[in-house]
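Have a look at the structure below before the remarks.
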Amino acid sequence: MALVQLSGIVIPPPAGADTTSVEGLRASLHLFEPRHFLFPFLAHSLGTLAGAALATLLAPLRSPGPAWAVGILFLAGGIATAFMLPAPAWFIALDLLLAYLPAAWLGHRLLARKA
């Protein structure tokens, strides 16, 4: 969430966009440019990566199951968000395909011990 909050400072929302509520965001998403989707993508992928890495650290024998569970749960949240906010199709596809399961895999790989 910190990355999403930071995004408005680094890349200000378009003029006339109301980002203070879900309804306002939904109504003004058509004003957003591709650059406005960078931080949400980073938040989704880095949040999944951190969660999967932590799950790997806490897993017995650093098994991949908990990391994949984190990735699947985050993916479910991404799918739900895709239905709630009418983002561009290219962003939804990019987000669902590259932000969750690949980040879970990487989070596990970074902290899994070689047997």
Side-chain angles (χ1 to χ4, degrees):
M1 195 61 190
L3 282 173
V4 173
Q5 295 299 321
L6 182 64
S7 71
I9 297 167
V10 176
I11 303 171
D18 175 18
T19 60
T20 60
S21 69
V22 174
E23 294 80 21
L25 185 58
R26 189 178 297 132
S28 58
L29 256 171
H30 68 282
L31 300 171
F32 284 70
E33 300 172 16
R35 64 189 177 115
H36 294 109
F37 293 95
L38 174 64
F39 276 87
F41 178 80
L42 288 174
H44 298 169
S45 58
L46 293 177
T48 304
L49 180 104
L54 180 61
T56 297
L57 281 176
L58 298 174
L61 303 175
R62 306 254 169 110
S63 65
W68 284 114
V70 168
I72 290 168
L73 289 172
F74 272 67
L75 176 61
I79 292 168
T81 301
F83 282 103
M84 289 186 283
L85 292 174
W90 66 264
F91 175 74
I92 292 171
L94 181 77
D95 193 50
L96 295 180
L97 293 173
L98 298 180
Y100 303 107
L101 297 181
W105 174 83
L106 183 60
H108 172 70
R109 293 294 301 154
L110 289 173
L111 294 174
R113 289 190 183 148
K114 300 283 183 192

Do [X] and [Y] have side chains that get closer than 4.5 Å, going by heavy atoms?
X: Pro14; Y: Glu33; value: no
X: Ser7; Y: His36; value: no
X: Leu49; Y: Leu110; value: yes
X: Leu101; Y: Ile72; value: yes

- Query: CG of Leu31 to OG1 of Thr19: how many Å apart, nearest 0.5 Å?
  - Reply: 11.5 Å

- Here the gap from Phe39 atom CZ to Leu6 atom CG, rounded to the nearest 0.5 Å, amounts to 5.0 Å

If you look at every heavy atom in [X] and [Y], which pair is closest and at what distance?
X: Ala67; Y: His108; answer: CB-CB, 3.7 Å
X: Ala104; Y: Gly71; answer: CB-CA, 3.6 Å
X: Leu3; Y: Leu46; answer: CD1-CD1, 3.9 Å

- Could you name each residue pair satisfying side-chain hydrogen bond (donor to acceptor under 3.5 Å, both in side chains) that touches residues 42-51, not counting sequence neighbours? His44-Asp95, His44-Tyr100

- Backbone N/O of Ala59 and side chain of Ser63: donor-acceptor pair under 3.5 Å: no

- Message: Within a 6.0 Å radius of atom CG on Leu61, are there more than 12 heavy atoms belonging to other residues, nucleotides or ligands?
- Response: no

- Item | Glu23: partners by salt bridge (charged side-chain N to carboxylate O under 4.0 Å, His left out), with sequence neighbours left out | none

- Query: By the rule that ILVMFWY residues connect when side-chain heavy atoms come within less than 4.5 angstrom, directly or transitively, which residues belong alongside Leu94?
  - Reply: Val22, Leu25, Leu29, Phe32, Phe37, Phe41, Leu85, Trp90, Phe91, Leu97, Leu98

